[in-house]
Number of protein chains: 2
Amino acid sequence: MGRTVTRSGKRTTIVDIARQAEVSISTVSRVLNGRPVADEVLATRVRKAATELGYRPNMVARDFRRGVTSTIGVVVPDLANPFFPHVLKGLAEEVSAGDHRLLVVDSGEDADQELQLVAQLAGSCDGIILCSPRMSQSSLATLPALGVPIVCTNRSVGDLPFGTVGIDSAAGMRQAIAHLAELGHRHIGYLGGPGTSLSDGLRREGLSTAASELGVKVSSTEAGSTSDDGHAKLPELLDQGVTAVIAFNDLVAIGALARLRELEMDVPSQLSVVGFDDIPVAAFLGPPLTTVSLPKEELGRRAWAGLHQQLETGQVPQEELLPASLVVRHSTAAPAD
Amino acid sequence: MGRTVTRSGKRTTIVDIARQAEVSISTVSRVLNGRPVADEVLATRVRKAATELGYRPNMVARDFRRGVTSTIGVVVPDLANPFFPHVLKGLAEEVSAGDHRLLVVDSGEDADQELQLVAQLAGSCDGIILCSPRMSQSSLATLPALGVPIVCTNRSVGDLPFGTVGIDSAAGMRQAIAHLAELGHRHIGYLGGPGTSLSDGLRREGLSTAASELGVKVSSTEAGSTSDDGHAKLPELLDQGVTAVIAFNDLVAIGALARLRELEMDVPSQLSVVGFDDIPVAAFLGPPLTTVSLPKEELGRRAWAGLHQQLETGQVPQEELLPASLVVRHSTAAPAD
DNA sequence: CTGAAAGCGCTTACAG
DNA sequence: CTGAAAGCGCTTACAG
C-alpha cells in the first residue's frame, strides 16, 4: 500500500486524510461531518481515504473546539443501593438518545466527597444530575457558582436555580395509611429510614398528616435502609402493640418479614406489612408484599428532560413531583381482633 | 473591584490570570500544576488572581493537550440487573482513587449496540471495561483495531489481546453439587439462565462435570434470569422427580420458592433450593437461602487493576479467575426419603 | 529561573 | 463552491 501516506507512528488525523485525498482539511472536516459538499468526487475521495487509513475522530479535540463535552455527569450516593440503578437506567436511555453520554460517580454517601465530585465534574460536563444529594443546603448553595446547569432528584433546593424532580412519597404514604385504615387498623408502626434521608423525612410528614386525618395512631422507630435494620427494629414496634407496619423500603420490610417468621407470627393475619419501592422480588415474597411503587426510571427520564431543557433554553425548569402508587398484594389484611 | 481584568463574558482562562497577576501564561500553568516555581512572590500573585477570578481549569482543553482523557469507559448489558451495580461499585472506588473517571453506558442487552458503544467510547476513553459482553466472538475480534486497551469480565476471549477477569462459577457449581450430594440428593434440577449467557454455559459445564464425578443425575431446563422465570419453570423440574434445585441466580431461586409456597411444598424438607449470587435479601428469605456467593465488587476492582496495569506497562495482563464460595443457610437439607 | 512561542486536532468564519 | 488561516485553552520544549 505505497499510497497510504500516514505520518508514521501517530494516529490518523484529518491532516492525513487531506493529504491522501488531496484536498484541504476544511473539506475533510465538512465531508466527515455531513455538511453539504458540492463535488461528490471530492467527498468520495475523502471517505475512501478515511476508511483506508482507519480514521477515528479525536473526540476530545472536537469537544474542545466546540466548547461542549456532550457529557452529563451523574452523582449517586451509592450505586449498590437498588434504587439508583433504575434511575440511571431511565436516564441512560434518554441521554444516549439525545447524543450525550453519562459520566457516573459514586459519592459513597459522603457529603463532602459529593461536593468535591460535583466541582470536578463541572469541569468536564455540560450538565450535572445530582441524585438524592446528601450535602447540606449551604453546600448546595455554592453550586450555582460552578456555572453548570444542575438538576437534583429527591431533594428540595429552596430558591436555588436548579431543576428538581422528586417522587411524591408523602402521597404514597397517605395511600398506604388509607389502605390500612380502611382494613380497620387503628395503630400503625413505621420502621423509618436513616435520619439523614430526605425521603424518610417526607414520608414521616405524609405519615403524621394522614394518620391524624384518618384518626389512626402511629408509633415509629428509626431503623435504617437494610433488611438487617428491619429485622433488628421490628420487635420495638411489636412491643407497642401495632397491628400493621410500614417500612422505609422493601429491603427493611423483608427484614421485618424474616423476623416475623422467626417469631412464628403470620402475615397478614397477625400483622400487616407494607413496603416502599416495589423491587422486583416484592411480588415473590412470602407473602407477596403490599408496597408503594416508586417510578424510578421515570424519575431518571424526567431529570434528563429538565436538564435538556435547561441546556437548550437556558431556563431553569419547574419543580416536578412524580406520583407514587400503592400496589396491594397479600401482606395486608384486617387486624386480628 | 476595578483590578479584576477579565475578558468580558467569557469564562476565566489562564490568560486572564496571567494578565491580572502580571506574569506569563507559562508561569500560571506551572503554578497551578504545582510545578517548582522559584519566585514565591509570583506564585502567590498567581494563586490570588486565580481565586479572585474564580478560575476553574478547562479540563477538556487540558485532556486534549495532554492526549489523555483520564476517563475509563464501562459497558454493561443492563444496569438494572443487580449484578452489575456491585461490579461498578468496586470499579468506581478503585478508578477514582487512581484519578480516573468512569463513563458508564448500558447496552440494553443488545449485542449490536454494544459493539457500537465500544467504538464510540474508544474515541473518548483511555481504556474500556466490557462487562459480560454479549457480542459475538467475531465482533470482539474487531475491537483490538480501536487501539484502546480493553478488559473483559465474565468472558473468555480466546487469543484476543484483552485482559480478562472472571468468576469461577463452575467451581461454585461444583461446591453446590457436592453439598447436595453429601446431604444425600441423587437427582438434582437446574433452573438455567438465558441461553445467551456465558456464565450459564460455564455453570452448566461445572454442573455436568461435577454431577458425573459424584454420581448424581441432573435434569435441567432453560429458565431465564428473573423471578418470573423461576416461578414459571420450576414445575417442569418437579415433574422429573428432582429432590433439589439449583437456580441460575437468586432471583430465579426466589421465584422457585414462591412457586413452592403456592404448591404448599416445604423447603427444605420436601425440596432443597440453592441460589447463585448471594444478594442482600438472600439471608432474609423464608427459608434463608443457601447460595453461591460471587465476589462482584472484587471483580470490579480486579478489572481496573488489569486495565491500569495495561495502561502503565502496555502489557496485556494474565487471565484472572476469582473464586466463588457456597454459603450454606437453611434452604437445603437431606431429601425426604 | 521566567517568558515567548509552538502546537495538540479539530471547526469555522473568512477570502478567493 | 473550496482552501488557507485563525483559534479554542492548555502544556511544554526552547530561548534568553
Side-chain angles (χ1 to χ4, degrees), chain A residues 6-47 49-50 53-71 120 122-126 147-148, chain B residues 6-47 49-50 53-70 120 122-126 147:
Chain A
T6 316
R7 293 167 307 169
S8 60
K10 318 285 289 178
R11 182 171 144 175
T12 304
T13 71
I14 57 170
V15 174
D16 301 311
I17 298 177
R19 197 172 305 160
Q20 168 128 333
E22 295 179 298
V23 297
S24 72
I25 60 165
S26 321
T27 299
V28 174
S29 176
R30 289 187 194 108
V31 172
L32 263 26
N33 284 292
R35 254 174 269 285
V37 172
D39 195 339
E40 193 46 50
V41 176
L42 291 192
T44 308
R45 283 221 304 271
V46 168
R47 277 189 278 266
L53 298 174
Y55 173 71
R56 288 171 299 114
N58 180 330
M59 291 311 207
V60 182
R62 168 181 293 182
D63 285 349
F64 166 54
R65 178 54 235 252
R66 290 189 177 159
V68 300
T69 64
S70 302
T71 300
Q120 266 183 44
S124 47
C125 292
D126 294 344
V148 171
Chain B
T6 314
R7 294 167 306 167
S8 61
K10 316 285 290 178
R11 183 170 144 174
T12 304
T13 71
I14 56 170
V15 174
D16 301 312
I17 298 177
R19 197 171 305 160
Q20 168 129 335
E22 296 179 298
V23 297
S24 71
I25 61 165
S26 321
T27 299
V28 174
S29 176
R30 287 187 194 109
V31 173
L32 264 24
N33 284 291
R35 254 174 269 287
V37 172
D39 194 337
E40 193 48 47
V41 176
L42 291 191
T44 308
R45 283 221 304 271
V46 168
R47 278 187 278 264
L53 298 174
Y55 174 70
R56 287 170 301 114
N58 181 330
M59 290 313 206
V60 181
R62 168 181 293 182
D63 284 349
F64 167 54
R65 177 56 235 250
R66 288 189 178 158
V68 299
T69 64
S70 302
Q120 266 182 43
S124 47
C125 293
D126 294 343

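Reminder, nothing fancy here: chain letters follow the sequence lines and each chain counts from 1. Since the structure is predicted, the reported quantities are computational estimates derived from the model, not experimental observations.
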Is the aromatic ring of B:Phe64 within stacking range of C:dC8, meaning centres under 5.5 angstrom and planes under 30 degrees? yes
Excluding sequence neighbours, so at least two apart, what forms side-chain contact (heavy atoms from CB on, under 4.5 Å) with A:Ser26? A:Ser24, A:Arg30
How close or far is atom P of C:dG9 from atom CZ of A:Arg19, stated in whole angstroms? 12 Å
Nearest whole Å is fine: how far is C:dC10 P from A:Leu32 CG? 9 Å
List in chain and number order the residues that pass side-chain contact (heavy atoms from CB on, under 4.5 Å) with A:Ala43, two or more places apart in sequence or in another chain; answer none if no residue qualifies. A:Val31, A:Val37, A:Glu40, A:Arg47
Measure from CD1 on A:Ile17 to P on D:dT2 and round the result to the nearest Å. 16 Å
Treating primed atoms plus P, OP1 and OP2 as sugar-phosphate and everything else as base, which nucleotides of nucleotides 11-16 of chain D get B, S or - for protein heavy atoms under 4.0 Å? BBB---
Bracket string, DNA chain C, 5' to 3' - pairs by Watson-Crick or G-U geometry under 3.5 Å, | interstrand: |||.||||||||.|||
Just verifying a value: how many Å separate A:Gln120 CD and B:Met59 CE, rounded to the nearest 0.5 Å? 6.5 Å
Please name all residues satisfying salt bridge (Lys or Arg N to Asp or Glu O under 4.0 Å) with A:Asp63, sequence neighbours left out, ordered by chain then number. A:Arg101
Sequence neighbours left out, what passes side-chain contact (heavy atoms from CB on, under 4.5 Å) with B:Ala49? Give chain and number order. B:Ile17, B:Gln20, B:Ala21
So, does A:Thr13 get its side chain near the phosphate of C:dG9, meaning an N or O under 4.0 Å from OP1 or OP2? no
Contacts of type side-chain contact (heavy atoms from CB on, under 4.5 Å), residue A:Arg65, not counting sequence neighbours: none
Ignoring backbone atoms, test whether A:Ser24 places a side-chain nitrogen or oxygen under 4.0 Å from the OP1 or OP2 oxygen of D:dA4. no
Is any side-chain nitrogen or oxygen of A:Tyr55 closer than 4.0 Å to OP1 or OP2 of C:dG9? no
Please state how far atom CG in A:Asp63 lies from atom C1' in D:dG7, giving the value in whole angstrom units. 17 Å
Go through the structure and list residues passing salt bridge (Lys or Arg N to Asp or Glu O under 4.0 Å) with A:Arg66, not counting sequence neighbours. none
Distance check, rounded to the nearest 0.5 Å: B:Ile25 atom CD1 versus B:Leu32 atom CG? 12.0 Å
Qualifying residues under side-chain hydrogen bond (donor to acceptor under 3.5 Å, both in side chains), relative to A:Asp126, sequence neighbours excluded: A:Thr69
